[in-house]
There are 2 protein chains.
Amino acid sequence: MASAEKSRKQLVTDNADERIRARNVLKILKAATELFSRKGLDGTRINEIAELSGLPKGNVYYYFSSKEEIYKATIAHLINSWDQAFRHISADREPAEAIEAYIKAKLEHARRNIAETRLFANEILQGAEHLPADARQHMREVTAEKAEVLNAWVAAGKLAPVDPRHLFIMLWSATQFYAEFEALACDALQVGQLKASDYNAAARTISETVLNGLRPRT
Amino acid sequence: MASAEKSRKQLVTDNADERIRARNVLKILKAATELFSRKGLDGTRINEIAELSGLPKGNVYYYFSSKEEIYKATIAHLINSWDQAFRHISADREPAEAIEAYIKAKLEHARRNIAETRLFANEILQGAEHLPADARQHMREVTAEKAEVLNAWVAAGKLAPVDPRHLFIMLWSATQFYAEFEALACDALQVGQLKASDYNAAARTISETVLNGLRPRT
DNA sequence: AAAAAAGTTGACCAAATTGTCAACTTATTT
DNA sequence: AAATAAGTTGACAATTTGGTCAACTTTTTT
């Protein structure tokens with residue numbers, strides 16, 4: 001009986017409960033991402049993070065030694081998904097189809113990770129001083145690699161001549177705008193809040209305009 | 001002689017020196033815009049504003065009653081130039097030429113007002129809570145009005161069908177990106193810092209892609 | 001079941017920061 | 001030139017905030 005009770009407890013500990021540390025660190029990171037994304041590093045109080053994550057402040061400091069460390073952890077966390085959508089840009093696909101898939105994926109990612117997207121924007125806006133050097137290096141490399149794919153498409157006559165780097169910037173900025181500048185987007189579209197249909201309309205406009213714009217001229 | 005001396009002094013006071021209040025308020029606003037644009041409202045210390053503007057802190061409080069009031073003043077100041085470039089979008093011009101001029105003007109404005117552009121982005125990113133309601137109303141109205149111009153062009157067969165509001169968002173985001181996310185743009189373009197030539201290349205890529213993309217299909 | 005490790009907690013401290021103020025100087029008016 | 005208004009200044013009060021800590025509880029190991 002004591003044994004049965006123990007194994008039940010262990011089950012709870014291992015699954016639903018998970019490891020205490022992992023669970024609490026995640027709680028803190030989630031709350032921090034939300035707050036940092038809205039008020040920035042300096043604008044966010046440790047007390048707020050504690051409150052939103054449901055932990056006393058002292059407990060937050062048990063897992064992280066400073067506010068900046070929490071911030072860096074949130075940045076490190078979101079960096080992982082930065083180049084996800086880029087996988088669509090691959091040399092063996094049809095350009096139009098690949099670019100359209102990329103736009104869709106980017107918009108979808110922004111819509112489903114609004115806080116992370118905003119936090120990333122905030123960090124870059126403030127000079128990217130907390131972005132680890134290796135993360136930036138990785139971003140540079142991936143961008144250069146995908147730019148080569150675009151160049152190959154242009155060389156093969158499948159796309160009108162275009163500077164791939166500026167094109168990427170166009171796509172990044174357009175797809176992230178709706179999450180980052182939601183307030184402005186709502187004003188422009190004259191809606192109270194963005195819905196999935198607005199994101200779909202955005203995807204259509206961006207895709208149609210850019211794809212038509214890049215159609216090779218004979 | 002005493003009269004001559006007095007009139008010289010008055011001349012100095014009225015021109016080069018200007019009104020003391022106007023000059024100092026401007027000093028403070030300029031320093032504050034620079035700092036707010038990089039570190040946000042909460043990240044900026046009043047001491048820093050005082051230092052950068054060359055005034056003692058007490059003096060700053062002589063002109064503004066709080067940090068937030070300074071912030072609001074900087075926002076109110078930059079809002080004035082928000083719709084400047086929009087004047088190019090007018091019904092009596094050729095669409096292609098008008099849109100190209102708009103893109104150029106927007107990019108040029110961002111390049112020459114980097115701090116203001118960044119500050120505006122920061123404010124929207126954080127939820128636009130300090131943006132006066134009438135300013136937002138004005139932005140909504142101007143956007144709606146210009147959207148009608150685009151719709152007329154589409155109806156006249158001068159442009160391919162497009163949702164003008166999403167198109168505007170594409171243009172806003174693309175043209176502001178270089179100022180707002182300079183760090184990311186430098187990485188993508190593999191340059192140390194953006195030069196006028198980079199802005200020109202951006203203008204070319206955006207214009208060519210979008211204009212070609214909007215060319216009416218027969 | 002005892003011991004050790006991990007996690008929790010609220011009170012507390014030190015530093016930073018906003019905003020005030022009274023004394024002072026410079027500019028303007030009468 | 002006297003009086004008044006406008007602007008300057010550094011010291012200081014009040015508050016906020018990041019971070020510490022020792023006592024305590026829960027969980028895990030032996």
Side-chain angles (χ1 to χ4, degrees), chain A residues 1-3 5-29 31-32 35-36 38-74 130, chain B residues 1-3 5-29 31-32 35-36 38-74 130:
Chain A
M1 200 170 87
S3 164
E5 196 174 41
K6 189 181 171 187
S7 76
R8 182 184 57 77
K9 223 174 173 180
Q10 263 189 353
L11 202 75
V12 168
T13 299
D14 290 352
N15 295 348
D17 212 68
E18 286 192 53
R19 215 99 234 89
I20 294 175
R21 166 171 289 269
R23 173 167 45 97
N24 283 347
V25 164
L26 218 78
K27 267 190 200 167
I28 294 168
L29 250 36
L35 290 164
F36 284 146
R38 290 194 189 279
K39 329 222 262 172
L41 172 57
D42 296 293
T44 302
R45 308 294 143 216
I46 289 274
N47 261 325
E48 297 177 300
I49 296 178
E51 210 172 320
L52 187 60
S53 61
L55 266 41
K57 189 176 67 168
N59 207 357
V60 171
Y61 275 99
Y62 177 72
Y63 292 107
F64 294 93
S65 66
S66 71
K67 186 164 74 162
E68 197 167 326
E69 202 186 284
I70 303 179
Y71 185 79
K72 281 183 184 166
T74 60
H130 301 273
Chain B
M1 199 169 88
S3 164
E5 195 173 42
K6 190 181 172 188
S7 76
R8 182 183 58 77
K9 223 174 174 181
Q10 261 189 352
L11 202 75
V12 167
T13 299
D14 290 351
N15 296 347
D17 212 68
E18 285 192 54
R19 217 96 233 92
I20 294 175
R21 167 172 288 269
R23 172 165 47 96
N24 283 347
V25 165
L26 217 80
K27 269 189 198 169
I28 294 168
L29 251 36
L35 289 163
F36 285 146
R38 290 193 189 279
K39 329 221 264 173
L41 171 59
D42 297 291
T44 301
R45 308 295 144 212
I46 290 271
N47 261 326
E48 297 178 299
I49 296 178
E51 210 171 322
L52 188 61
S53 61
L55 265 41
K57 190 178 63 167
N59 208 358
V60 171
Y61 275 100
Y62 176 71
Y63 292 107
F64 294 93
S65 67
S66 71
K67 185 164 76 164
E68 198 169 326
E69 203 187 285
I70 303 179
Y71 185 80
K72 281 182 184 166
T74 61
H130 301 272

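Rounded to an integer number of Å, the gap from CG of A:N24 to P of D:dT27 is 12 Å. Distance, B:E69 CD to C:dG19 C1': 13 Å, rounded to whole Å. Atom CD1 of A:I28 and atom C1' of C:dG7 are 12 Å apart (whole Å). Separating the CZ atom of B:R19 from the C1' atom of D:dA5 is a distance of 12 Å, rounded to the nearest angstrom. If you measure from atom OH of B:Y71 to atom P of C:dT18, you get 15 Å, rounded to the nearest angstrom. Rounded to an integer number of Å, the gap from B:I20 CD1 to C:dA27 P is 6 Å.
Listed by chain and residue number, B:E48 satisfy the salt bridge (charged side-chain N to carboxylate O under 4.0 Å, His left out) test with B:K39 (two or more places apart in sequence, or in another chain). Residues satisfying the salt bridge (charged side-chain N to carboxylate O under 4.0 Å, His left out) criterion with A:R45, sequence neighbours excluded, are absent altogether. With sequence neighbours excluded, no residue satisfies side chain to side chain contact (heavy atoms under 4.5 Å, CB included) with A:L26. Applying the side chain to side chain contact (heavy atoms under 4.5 Å, CB included) criterion to B:F64, with sequence neighbours excluded, gives B:V25, B:I28, B:L29, B:E69, B:I70, B:A73. With sequence neighbours left out, A:Y71 forms a side chain to side chain contact (heavy atoms under 4.5 Å, CB included) with A:F36, A:L41, A:T74, A:I75, A:L119, A:E123, A:H130.
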*List the protein contact pattern of nucleotides 9-21 of chain D with one symbol per nucleotide (5' to 3'): B for base contact, S for sugar-phosphate-only contact, - for none; contact means a heavy-atom distance under 4.0 Å.*
BB------SBBB-
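The shortest non-hydrogen separation linking A:I49 to A:A32 is CD1-CB, 4.1 Å.
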